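Numbering of ligands and ligand atoms starts at 1, following listing order. The model shown is predicted, which means the values in this text are computed figures rather than measured ones.
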Amino acid sequence: MDCIFCKIIKKEIPASILYEDEKILIFNDLNPEAPKHFLVIPKEHIASVNELNACNSDVISHIFTKINEVSQNIKELENGYRIVTNCGENASQTVKHLHFHVLGGRKLSWPPG
Ligand code: AMP
Ligand code: ZN
C-alpha cells in the first residue's frame, strides 16, 4: 500500500520520532503550523475516523493517554494545546492514514478555517 505514514512506521522514510511503542508512533510534522506540531498515528493502517469501529478503536484511548504524557514533558505546551483530526475532503485530509495533530506553543485562534 502506498501510504507515507506506513512507510514512516516501517522506517522506509525518515521522521523525527518523539515516542514509539508497539501500537502507535508520534513524530514531528514536516510542515509545522505552530511552534510545536506533532502527529500521533496508530501503527495499524486505519484511513480515517470513518474507518473506526468496535474492533479497532481501542488504540484511540491509548493515543490520547500518550498525548497527555508526551505533552506534559514539553514546556511550550504547558499553557495548552489543540488536538485535531481531519476526516475527508471537506476537512482537507491529505494523508489517508488516521492521524491526530497536536499543536501548541502559541495562542491558537478559534474557530478554525
Ligand atoms: P492532514 O492534512 O490532516 O492529512 O495532515 C497531514 C499532515 O502530514 C500535514 O500536516 C503534513 O505536513 C504532514 N506530513 C506529510 N508528510 C509528512 C512526513 N513525511 N513527515 C512528517 N509529516 C508529514
Ligand atoms: Zn498507512
Side-chain angles (χ1 to χ4, degrees):
M1 188 196 315
D2 194 27
C3 170
I4 194 161
F5 287 175
C6 283
K7 287 181 180 160
I8 289 174
I9 291 164
K10 288 186 268 179
K11 310 283 163 64
E12 290 173 5
I13 61 170
S16 168
I17 293 172
L18 304 178
Y19 174 83
E20 178 170 18
D21 63 26
E22 71 282 1
K23 292 184 194 147
I24 68 167
L25 189 67
I26 304 182
F27 54 100
N28 283 316
D29 196 292
L30 201 57
N31 296 299
E33 301 287 359
K36 288 287 166 191
H37 182 179
F38 56 84
L39 302 173
V40 188
I41 64 173
K43 287 194 168 175
E44 180 183 353
H45 181 90
I46 300 168
S48 75
V49 169
N50 280 344
E51 281 200 0
L52 283 172
N53 56 55
C55 295
N56 66 11
S57 60
D58 281 2
V59 71
I60 302 302
S61 73
H62 184 61
I63 282 173
F64 275 74
T65 303
K66 288 299 165 187
I67 288 173
N68 178 20
E69 285 178 20
V70 169
S71 299
Q72 303 231 12
N73 290 321
I74 300 176
K75 189 163 177 32
E76 291 94 327
L77 301 184
E78 69 186 8
N79 290 324
Y81 54 87
R82 184 170 294 161
I83 303 166
V84 175
T85 187
N86 295 317
C87 182
E89 194 181 331
N90 272 5
S92 303
Q93 182 184 4
T94 58
V95 178
K96 308 296 190 280
H97 181 129
L98 178 64
H99 53 282
F100 294 86
H101 298 257
V102 178
L103 301 130
R106 65 170 169 81
K107 182 77 179 164
L108 299 164
S109 58
W110 190 263

Under 4.0 Å from ligand 1, counting heavy atoms only, is it the side chain of [X], its backbone, both or neither?
| X | result |
| --- | --- |
| T85 | neither |
| E33 | neither |
| A91 | neither |
| V84 | neither |
| F5 | side chain |

What residue and atom, counting heavy atoms only, is the protein's closest point to [atom], and at what distance?
| atom | result |
| --- | --- |
| atom 4 (O) of ligand 1 | T94 N, 2.7 Å |
| atom 16 (N) of ligand 1 | I4 CD1, 4.0 Å |
| atom 7 (C) of ligand 1 | D29 OD2, 3.5 Å |
| atom 22 (N) of ligand 1 | L30 N, 3.1 Å |
| atom 5 (O) of ligand 1 | H99 NE2, 3.1 Å |

E12 atom CD, neighbour heavy-atom count above 12 within 6.0 Å:
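More than 12 within 6.0 Å, yes.
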CG (N90) with more than 12 external heavy atoms under 6.0 Å:
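12 or below, so no.
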Enumerated ligand 1 atoms positioned under 4.0 Å from heavy atoms of [X]:
| X | result |
| --- | --- |
| N31 | 12 (O) |
| H101 | 1 (P), 3 (O), 5 (O), 7 (C), 10 (O) |
| N28 | 21 (C) |
| Q93 | 4 (O) |
| S92 | 2 (O) |
| I8 | 18 (C), 19 (N), 20 (N) |

Using only heavy-atom distances, determine whether the side chains of Q72 and N68 contain a donor-acceptor pair under 3.5 Å.
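Their side chains do contain a donor-acceptor pair, which is all the 3.5 Å distance test asks for.
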Please name the atom of H45, restricted to N, O or S, that is closest to the Zn ion (ligand 2).
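Result for H45 and the Zn ion (ligand 2): ND1.
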Residue H97 atom name (nearest to the Zn ion (ligand 2); N/O/S):
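It is ND1 of H97.
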Can you find a heavy atom in the side chain of K66 that is under 4.5 Å from one in the side chain of V40?
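When only atoms from C-beta onward are counted, V40 and K66 do not touch, as no gap falls below 4.5 Å.
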For the residue pair P35 and E76, establish whether any side-chain heavy-atom pair is separated by less than 4.5 Å.
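In short, these two side chains do not touch, never coming nearer than 4.5 Å.
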Can you name the nearest heavy-atom pair linking [X] to [Y], along with the distance?
| X | Y | value |
| --- | --- | --- |
| L98 | S48 | CD1-C, 3.9 Å |
| D21 | K43 | O-NZ, 2.8 Å |
| P14 | I8 | O-CG1, 4.5 Å |

Ring-ring centroid check F5 F27, cutoff 6.0 Å
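Yes, close enough.
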Check whether any N or O atom of N86, backbone or side chain, sits under 3.5 Å from an N or O atom of ligand 1, and answer yes or no.
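The answer is yes, given that N86 and ligand 1 share an N or O pair closer than 3.5 Å.
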Can an N or O of H37 be found at a distance shorter than 3.5 Å from an N or O of ligand 1?
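So ligand 1 has no N or O lying under 3.5 Å from an N or O of H37.
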Under 3.5 Å: donor-acceptor pair, side chain of [X], backbone of [Y]:
| X | Y | value |
| --- | --- | --- |
| R82 | H101 | no |
| H99 | N86 | no |
| D58 | S61 | no |
| D29 | A34 | no |

Opening angle at the Zn ion (ligand 2) [SG, C3; SG, C6; to 10 degrees]:
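With the Zn ion (ligand 2) as the vertex, SG (C3) and SG (C6) sit 120° apart.
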